[in-house]
Amino acid sequence: AFGFGTAASAAMSIEIDFWGGTTDKLQGDYDTGGEVTLDYTKQEWVMVDIVAADVPDGNGVSLFSWILNFDPSNMQISMLSTTFPGFATENEIDNTAGTVKLEVLGTTPPDGTVVLGTFRIDCTAISIDQLLIAQLSDNNNLLADGTDFSGLYEGVTARVNQVPIPAAAWLLGSGLLGLVAIRRKKKS
């Protein structure tokens, strides 16, 4: 038996994509809702793409703005860029406040998979941090026909884990071993 039908097209979404750096993450494998693990003692880092996936053909992204929030006490961000065909009206990294902002007005609205910005994350301390992408301004996320896709930014997150065994764990372990040794000595 043969089945005939049309393939359903995926709905447009905003995605986070970790790739490269000192990781084995591949560009194009979306990590939205997932995580990347970095060891700050080894100066590990990762590149991040913010992506509009499955943009409708013939109705490409013409204007977008997004903001990313992060904890600046345990990571720093650099190298913010975009290959979007247009011009950036806002392009800012604030490693003190823990924000990255990008706003671009397109000249040729692209379809399909559209990278809305790329940046690098370097870990500076131990933590588990949640990256949160949100719209920067109301009505600044438009397709070519004027459709507003701002709602797609709601709840778009991923996690960065920085997980070397901390010195406190080594200290606790050696303290417990010391207590065991003292107890054994008292018994004998």
Going by the side-chain contact (heavy atoms from CB on, under 4.5 Å) test, name the single residue among L80, L68, L102 that passes it with I93. L80
Would you mind listing every side-chain hydrogen bond (donor to acceptor under 3.5 Å, both in side chains) that reaches into residues 78-98, with sequence neighbours excluded? T89-E103
To check you understand the geometry: which heavy-atom pair defines the closest contact between S137 and S65, and what is its length? N-OG, 3.4 Å
Listed by chain and number, what are the side-chain contact (heavy atoms from CB on, under 4.5 Å) partners of T113, not counting sequence neighbours? Y30, V51
Who pairs with D129 by salt bridge (Lys or Arg N to Asp or Glu O under 4.0 Å), at least two apart in sequence or on another chain? none
Is there a donor-acceptor contact under 3.5 Å from the side chain of N74 to the main chain of I126? no
Residue pairs passing the side-chain hydrogen bond (donor to acceptor under 3.5 Å, both in side chains) test with at least one member in residues 47-64, sequence neighbours excluded, are W19-D49, Q27-D49, D49-T118, N59-D145
Say you draw a straight line from CG of L63 to CG of L105; how long is it, rounded to the nearest 0.5 Å? 5.5 Å
Should L152 and L116 be regarded as members of a common hydrophobic cluster, given that ILVMFWY residues are connected when their side-chain heavy atoms come within less than 4.5 Å of each other, either directly or indirectly? yes
Given the options V36, D71, T157, V160, L131 meets side-chain contact (heavy atoms from CB on, under 4.5 Å) only with V160
Can any side-chain N or O of D148 pair as donor or acceptor with the backbone N or O of L142 at less than 3.5 Å? no
Atom pair CD1 (I16) and OG1 (T32), whose distance is rounded to the nearest 0.5 Å: 5.0 Å
Any pair with a residue in residues 120-148 that passes ring pair (Phe, Tyr, Trp, His ring centres under 6.0 Å), sequence neighbours left out, goes on the list, sorted by first then second residue, please. none
Look up atom CD1 in I50 and atom OH in Y153, then write down how far apart they are to the nearest 0.5 Å. 8.5 Å
Applying side chain to side chain donor-acceptor pair (under 3.5 Å), name anything that partners K101, two or more places apart in sequence or on another chain. none
Closer than 3.5 angstrom, by distance alone: can the side chain of T22 be matched with the main-chain N or O of W45 as a donor-acceptor pair? yes
Test item: M12 and L143 side chains (from C-beta on) under 4.5 Å apart, heavy atoms: yes
Within the 3.5 Å criterion, strictly below it, is a donor on Q76 or D122 matched to an acceptor on the partner's side chain? no
Can we call the ring centroids of F149 and F64 under 6.0 Å apart? no
How long is the straight-line distance from CG of N161 back to CD of Q130, given to the nearest 0.5 Å? 11.0 Å
How long is the gap from CG on L38 to CD on Q43, to the nearest 0.5 Å? 12.5 Å
W66 pairs by side-chain contact (heavy atoms from CB on, under 4.5 Å) with which of N141, I14, L136, V100? V100
For P85, does its backbone N or O pair with a side-chain atom of T108 as donor and acceptor, under 3.5 Å? no
Any V61 side-chain heavy atom under 4.5 Å of F84 side chain: yes
Can you name the nearest heavy-atom pair linking Q162 to C123, along with the distance? CG-SG, 3.1 Å
Please step through side-chain contact (heavy atoms from CB on, under 4.5 Å) for the pair K25 and D31, ending with a clear verdict. CA-CA 9 Å; K25 296 279 191 177; D31 301 289; 3.3 Å; yes
Under 4.5 Å between any side-chain heavy atoms of M79 and F119, yes or no? no
For the residue pair A97 and P72, what are the closest heavy atoms and their distance? C-CG, 4.2 Å
